[in-house]
Every structure is written in structure tokens, then in C-alpha cells.
Amino acid sequence: MPIPSGYDDMYAVVRRIPGGRVATYGQVAALAGRPGAARQAGYALAALPPESDVPWHRVINARGEISARRTTGPFETIQADLLRAEGVLLDDRGRVDLERFRWDPP
DNA sequence: GAATTGACGCGGC
DNA sequence: GGCCGCGCCAATT
């Protein structure tokens with residue numbers, strides 16, 4: 001069975017991330033069947049509209065930080081707020097404890 | 001069709 | 001702990 005075209009795979013993986021958990025771009029890429037293509041994962045989410053049913057806010061970089069997309073806008077603040085609302089704790093630097101909140105895929 | 005760009009990850013120094 | 005270079009794929013110009 002053929003793989004879905006475009007970033008569909010990435011979106012599917014992100015949708016499987018349970019609330020209160022976070023995943024890294026590399027993790028999403030690997031689960032989508034493209035290990036090493038972390039860039040691809042990031043770009044895929046970047047192209048996602050905020051209206052999407054994909055919880056893109058649960059995806060962060062390997063440092064546990066919220067990646068700044070272009071300019072320091074309200075978006076990163078919103079993402080942090082959404083994560084807190086799910087029970088994910090952020091430290092003073094806006095970092096997530098990956099050892100604690102990293103999604104453990106089946 | 002080629003070149004450029006874009007929310008990254010990891011190894012090495 | 002921070003900086004450098006390479007790899008990765010798709011969409012856009």
C-alpha cells in the first residue's frame with residue numbers, strides 16, 4: 001500500500017500524540033518513516049494552518065524548546081500556553097523536560 | 001527542470 | 001555548554 005502523498009504521514013503521527021505529552025521533530029520524522037528528516041517534519045508543521053486538527057503545539061525541537069518560526073511573535077507564547085494547559089511544565093527558559101514529557105510511542 | 005528555502009538532529013571539536 | 005558541517009524532503013520561484 002502506497003504511502004500518502006506529501007506531509008500526510010507527518011500529520012498522522014502528530015495527531016497520535018496524546019495530550020500532556022510532547023514529541024520532537026526527529027521523533028515525528030522517524031515515526032513517519034523518515035528518520036533523519038527532522039527538517040522535513042519541522043517544515044511540514046510550519047506549513048500547517050492553526051485551524052488544523054493537528055496538535056502541532058505538541059511538537060518541539062530536540063532541546064525541548066519551542067522553536068521560533070520567524071519573528072518573535074505571540075505564536076510561541078500561545079504554544080507554551082497550550083502545553084501548560086495540557087499539564088506540560090515549562091521551566092524559566094520555556095523549556096520542556098523531555099525526559100519527563102516525551103511521548104513514548106508504542 | 002534547477003536552484004532556493006524552511007519550526008531540525010546529530011556527530012565532532 | 002556552544003559553534004560548525006552534513007543530511008533530509010517537499011514546496012515554491
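Chain A is the first sequence line, chain B the second, and so forth, proteins listed ahead of strands; every chain is numbered from 1.
- Each of A:V14, A:D9, A:L45 was checked for a side chain to side chain contact (heavy atoms under 4.5 Å, CB included) with A:V28, and the lone residue meeting it is A:V14.
- Using modelled atom types, one side-chain atom of A:R58 and one backbone atom of A:I17 make a donor-acceptor pair closer than 3.5 Å.
- Summarising the geometry, the separation between CE on A:M10 and P on B:dG6 is reported as 18 Å, rounded to the nearest angstrom.
- The pair A:R21-A:E86 does not meet the salt-bridge criterion, since no charged nitrogen lies less than 4.0 angstrom from a carboxylate oxygen.
- One can place CG of A:L45 at 14 Å from C1' of C:dC9, the figure rounded to the nearest angstrom.
- The nearest whole Å value for the distance from the CZ atom in A:R95 to the P atom in C:dG1 is 7 Å.
- In this entry the distance linking CG of A:D8 with P of C:dA10 reads 12 Å, nearest Å.
- Residue A:R100 places its CZ atom among 12 or fewer non-hydrogen atoms of other residues, nucleotides or ligands, all under 6.0 Å distant.
- Rounded to a whole Å, the CZ atom of A:R34 is 7 Å from the P atom of C:dC9.
- Note: CG (A:L31) to P (C:dC9) measures 16 Å, nearest angstrom.
- The side chain to side chain contact (heavy atoms under 4.5 Å, CB included) with A:I66 is formed by just one residue from the set A:N61, A:I78, A:L83, A:V22; it is A:L83.
- A donor-acceptor pair shorter than 3.5 Å cannot be found between the side chains of A:Y25 and A:Q40.
- Distance A:E65 CD to C:dG2 C1': 13 Å, rounded to the nearest Å.
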Between N or O atoms, less than 3.5 Å apart, protein on one side and nucleotides 8-12 of chain B on the other: list the pairs.
{"from": "B:dC8", "atom 1": "N3", "to": "A:R39", "atom 2": "NE", "distance (Å)": "3.2"}
{"from": "B:dC8", "atom 1": "N4", "to": "A:R39", "atom 2": "NE", "distance (Å)": "2.8"}
{"from": "B:dC8", "atom 1": "N4", "to": "A:R39", "atom 2": "NH2", "distance (Å)": "2.7"}
{"from": "B:dG9", "atom 1": "OP1", "to": "A:A62", "atom 2": "N", "distance (Å)": "2.5"}
{"from": "B:dG9", "atom 1": "OP2", "to": "A:A62", "atom 2": "N", "distance (Å)": "3.1"}

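- In this entry the distance linking OH of A:Y7 with C1' of C:dT12 reads 10 Å, nearest Å.
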